[in-house]
Amino acid sequence: MDHFPIFVALKGQRVLLSGGGEAALAKLRLLLKTSADLHVFAQAPAQEITQWAAQGKLQVHRRALKPCDAQGAKLIYAADENDAADKATAQIAHAAGTLLNVVDNLHASGFITPAIVDRDPVTIAIGTEGAAPVLARAIKADLEERLPQTLGTLARIGKRFRKAADALPTGRARRDFWREYYFTAGPAAHTNAAIEDTLDSTLAKHLQRKSRTAQIAFVGAGPGDPELLTLKARKAIDEADVIIHDRLVTPQVLELARREALIVDAGKEGFGPSMAQEQINALIAAHTQNGAQVVRLKSGDPTLFGRLDEEIETCEAHAIPYTIIPGITSASAAVAAIQQSFTRRGRNGALRFVTGHDMQGFADHDWASLSKPDTVAAIYMGKKAARFVQGRLLMHGADRAVPVTLIENASRADQRIVPATIETLPEAATTLTGPAVIFIGLAPRGAAQALATLPQEEFA
């Protein structure tokens, strides 16, 4: 991020603009939405600018900007659409230590003016650091359609009510109140008087609540791509006071949490450093004691190889209400990456989800079933167990030429697909550095189609 987004207080502050043409008009239409003290410097200003001056909205100076004008100015715009004139304005701004924007010149500007969605006092600024103005305008148009025009009215009335809401404890109690007002009770009221009555009644209801029940949501974070989160998962993450997450939950998913939320890393790594399950259980119990909304964020789906039962038992022992929000498991993302299905008539009638290791070490399974030609297996946490898996499959009669596919970082930007066979599985696994799913009996779609066209005697 080269440009840090901020909102500058402009009430009564001097803002200077040099220029009187189309570029100046475009900036002034935005600046006139503020309560700044606007000054325009132009020899021949456009008719709209002179009209705004006659209406008392700004002051026009029919001359070039001078160094003395810049003293005490908050912002300066160079909008002459002339390189020499804009350069002179820039020199004045730099000498005065004033923030400068040169219209359509990103590199010469100390700040940029974003695309704006205006629901005063709700303001949404959209910027692309000059990389894609068309994209910024498209996002603006989309938000304009989505956000009701009454949003500003709700916010203005709510702003006057903030001191009354201070009667509620900080944190979740206030958030619950404001959430009900802005998203349920407020939009249902159709006049200002009705909105104010709604605020009073909603506050009274929340003040009567003596305490808030602690609760926890076990949420599937999916395989890593935040776009694969369910809507329910996104909502839970957004509302959480505390998020206790696994090692494989990506930074992009954690970025969706509120800035005020406490983020706790409870990562585990097979055959590596880990937080003990007892510690995680203790964290769950501790953070729910004060009525916090806790999210236990698990990579993939919480019900699959996530030790969910032990954490549910902790909730039951402490009478903590809980919900389970399923997620897309990494095997689903991985099989989509190789453009295959888990089951197919004539190829496999069985699908097994297994883990490469458990609490005792390498995990043992029904290898005789896993070695059958009509079985596909998805192996989680199998990188370090690859040679063990190969040995067990071969011991139980599996063909060395059976296709194997290793998918690293499924669904993420650095996703990698490594085709192999049972024969080459251990060597292929050594090339992996990130989390991976190993498919036994599945090849990427193109390779599978090529194999299907070969004479069967080649595999005899």
Chemist: Check salt bridge (Lys or Arg N to Asp or Glu O under 4.0 Å) between Arg179 and all other residues, then give those that pass, not counting sequence neighbours.
Modeler: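 For Arg179, the residues satisfying salt bridge (Lys or Arg N to Asp or Glu O under 4.0 Å) (neighbours in sequence not counted) are Asp176, Glu239.
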Chemist: Give the intermediate values and the outcome of side chain to side chain contact (heavy atoms under 4.5 Å, CB included) for residues Val219 and Lys298.
Modeler: CA-CA 6 Å; Val219 177; Lys298 294 174 175 285; over 6 Å; no
Chemist: For Phe353 and Phe342, I'd like to know if the aromatic rings sit close, meaning centre-to-centre distance below 6.0 Å.
Modeler: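 Yes.
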Chemist: Tell me whether Glu129 contacts the main-chain N or O of His3 through its side chain, where contact means a donor paired with an acceptor under 3.5 Å.
Modeler: yes
Chemist: So do Ile325 and Phe218 actually touch side chain to side chain, heavy atoms under 4.5 Å?
Modeler: no
Chemist: Side chains of His287 and Val264: closer than 4.5 Å at any heavy-atom pair?
Modeler: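 In contact.
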Chemist: Are any of the side-chain nitrogens in Arg347 or Asp374 under 4.0 Å away from the carboxylate oxygens of its partner?
Modeler: no
Chemist: Where is the tightest heavy-atom contact between Pro226 and Val253, given as atom of each residue plus distance?
Modeler: CA-CG2, 4.1 Å
Chemist: The test is salt bridge (Lys or Arg N to Asp or Glu O under 4.0 Å); show your working for Arg146 and Asp142 and say whether it passes.
Modeler: CA-CA 6 Å; Arg146 290 170 181 262; Asp142 183 57; 2.8 Å; yes
Chemist: If the test is side chain to side chain contact (heavy atoms under 4.5 Å, CB included), which one of Val402, Ile379, Leu406, Val418 qualifies with Leu425?
Modeler: Leu406
Chemist: If every non-hydrogen atom of Ala221 is compared with every non-hydrogen atom of Val249, which pair is closest and at what distance?
Modeler: CB-CG2, 4.0 Å
Chemist: If you measure from CG on Asp118 to CD on Glu144, what distance do you get to the nearest 0.5 Å?
Modeler: 8.0 Å
Chemist: For Leu168, is there any backbone N or O sitting under 3.5 Å from a side-chain donor or acceptor partner on Arg174?
Modeler: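 Such a contact is found between Arg174 side chain and Leu168 backbone.
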Chemist: Give the intermediate values and the outcome of side chain to side chain contact (heavy atoms under 4.5 Å, CB included) for residues Leu106 and Ile112.
Modeler: CA-CA 7 Å; Leu106 178 68; Ile112 55 178; 3.4 Å; yes
Chemist: Step by step, would you call Arg392 with Asp364 a side chain to side chain contact (heavy atoms under 4.5 Å, CB included)?
Modeler: CA-CA 9 Å; Arg392 288 294 188 273; Asp364 243 323; 3.6 Å; yes
Chemist: I'd like to know if the side chain of Gln252 and the backbone of Asp225 have a donor-acceptor N/O pair within less than 3.5 Å.
Modeler: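 No; zero donor-acceptor contacts below 3.5 Å.
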Chemist: Testing the basics here: between Val295 and Ala236, what is the closest heavy-atom pair and its distance to 0.1 Å?
Modeler: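 Closest heavy-atom pair between Val295 and Ala236: CG2-O, 3.5 Å.
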Chemist: How far apart are the closest heavy atoms of Pro114 and Gly127, and which atoms are they?
Modeler: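 Smallest heavy-atom distance, with atoms named: CB-N, 4.3 Å.
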Chemist: Within the 4.5 Å heavy-atom criterion, are Thr153 and Asn192 side-chain neighbours or not?
Modeler: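 The answer is yes; the side chains approach within 4.5 Å.
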Chemist: Please examine the side chains of Leu143 and Ile124, heavy atoms only from C-beta on, and report whether any two atoms are closer than 4.5 Å.
Modeler: yes
Chemist: Other residues, nucleotides and ligands only: do more than 12 of their heavy atoms fall within 6.0 Å of CD on Glu260?
Modeler: yes
Chemist: Between the main-chain N or O of Ser369 and the side-chain N or O of Thr375, is there a donor-acceptor pair closer than 3.5 Å?
Modeler: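 Present.
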Chemist: Do the side chain of Thr202 and the main chain of Leu199 share a donor and acceptor less than 3.5 angstrom apart?
Modeler: no
Chemist: To the closest 0.5 Å, what do you measure between CD1 (Ile244) and CD (Glu311)?
Modeler: 8.0 Å
Chemist: So does Glu427 get a backbone contact from the side chain of Thr431, meaning a donor-acceptor N/O pair under 3.5 Å?
Modeler: no
Chemist: If only atom types and distance count, is the side chain of Gln340 paired as donor or acceptor with the main-chain N or O of Ala443 below 3.5 Å?
Modeler: yes
Chemist: For Leu135, what residues pass the side chain to side chain contact (heavy atoms under 4.5 Å, CB included) criterion, not counting sequence neighbours?
Modeler: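 In terms of side chain to side chain contact (heavy atoms under 4.5 Å, CB included), with neighbours along the sequence ignored, Leu135 is linked to Ala132, Ile139.
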Chemist: What is the minimum heavy-atom distance between Leu228 and Pro223, and which atoms define it?
Modeler: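 Reported closest heavy-atom pair: CD1-CG, 3.7 Å.
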Chemist: Would you indicate whether Asn281, at its atom CG, is surrounded by more than 12 heavy atoms from other residues, nucleotides or ligands within a distance under 6.0 Å?
Modeler: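 More than 12 heavy atoms, drawn from other residues, nucleotides or ligands, come within 6.0 Å of this atom.
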Chemist: State the OG-CG distance between Ser35 and Leu32, to the nearest 0.5 angstrom.
Modeler: 11.5 Å
Chemist: Looking at side-chain heavy atoms only, is the closest gap between Asp265 and His245 below 4.5 Å?
Modeler: yes
Chemist: Identify which one of Thr424, Thr421, Leu394, Leu393 satisfies the side chain to side chain contact (heavy atoms under 4.5 Å, CB included) criterion when paired with Arg400.
Modeler: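 Going through Thr424, Thr421, Leu394, Leu393 one by one, the side chain to side chain contact (heavy atoms under 4.5 Å, CB included) with Arg400 is satisfied by Leu394 alone.
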Chemist: So, taking the atom named OG1 in Thr329 and the one named CG in Asp301, what distance separates them when rounded to the nearest 0.5 Å?
Modeler: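 Output value for this atom pair is 6.0 Å.
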Chemist: Is the count of non-hydrogen atoms from other residues, nucleotides or ligands lying under 6.0 Å from Lys232 atom NZ greater than 12?
Modeler: no
Chemist: Going by the angle between their ring planes, with limits at 30° and 60°, are Tyr181 and Phe177 parallel, tilted or perpendicular?
Modeler: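 The arrangement is parallel - the two ring planes meet at less than 30°.
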Chemist: Can you list every pair that meets ring pair (Phe, Tyr, Trp, His ring centres under 6.0 Å) and has a residue in residues 302-321, with sequence neighbours left out?
Modeler: Phe305-Tyr380
Chemist: Looking at Arg307 and Glu313, does any basic side-chain N land under 4.0 Å from a carboxylate oxygen?
Modeler: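 No.
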Chemist: Donor-acceptor pair, distance only, cut-off 3.5 Å: does the side chain of Asn409 make one with the backbone of Arg412?
Modeler: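 Not at all, since once roles are kept as given, no pair shorter than 3.5 Å links the two residues.
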Chemist: State, with a plain yes or no, whether a side-chain heavy atom of Val294 is found less than 4.5 Å away from one of Gln215.
Modeler: no
Chemist: Is it true that Arg234 and Asp238 have a side-chain N and a carboxylate O under 4.0 angstrom from each other?
Modeler: no
Chemist: Any donor-acceptor pair under 3.5 Å linking the side chain of Thr191 with the backbone of Ala194?
Modeler: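 It does hold such a pair.
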Chemist: Could you tell me if the side chain of Thr113 sits less than 4.5 Å from the side chain of Tyr77, heavy atoms only?
Modeler: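 Counting from C-beta outward, Tyr77 and Thr113 do come under 4.5 Å.
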Chemist: For the residue pair Ile422 and Ala398, what are the closest heavy atoms and their distance?
Modeler: CD1-CB, 3.8 Å
Chemist: From Leu297 CG over to Thr250 OG1, what is the distance, rounded to the nearest 0.5 angstrom?
Modeler: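 Spacing of CG (Leu297) from OG1 (Thr250) equals 9.0 Å.
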Chemist: Could you go through the side chain to side chain contact (heavy atoms under 4.5 Å, CB included) check for Gln293 and Val242 one step at a time?
Modeler: CA-CA 6 Å; Gln293 287 181 283; Val242 179; over 6 Å; no
Chemist: Backbone N or O of Ser109 within a donor-acceptor pair of the Asn101 side chain at under 3.5 Å?
Modeler: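 No; zero donor-acceptor contacts below 3.5 Å.
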Chemist: Is any side-chain N of the basic residue among Lys383 and Glu408 closer than 4.0 Å to the acidic one's carboxylate O?
Modeler: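 Between Glu408 and Lys383 there is no salt bridge, as every charged N stays at least 4.0 Å from the carboxylate O atoms.
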Chemist: When rounded to the nearest 0.5 angstrom, what distance separates OG1 in Thr355 from CZ in Phe362?
Modeler: 11.0 Å
Chemist: Measuring only between side-chain heavy atoms, which start at C-beta, is Ser341 closer than 4.5 Å to Val335?
Modeler: no
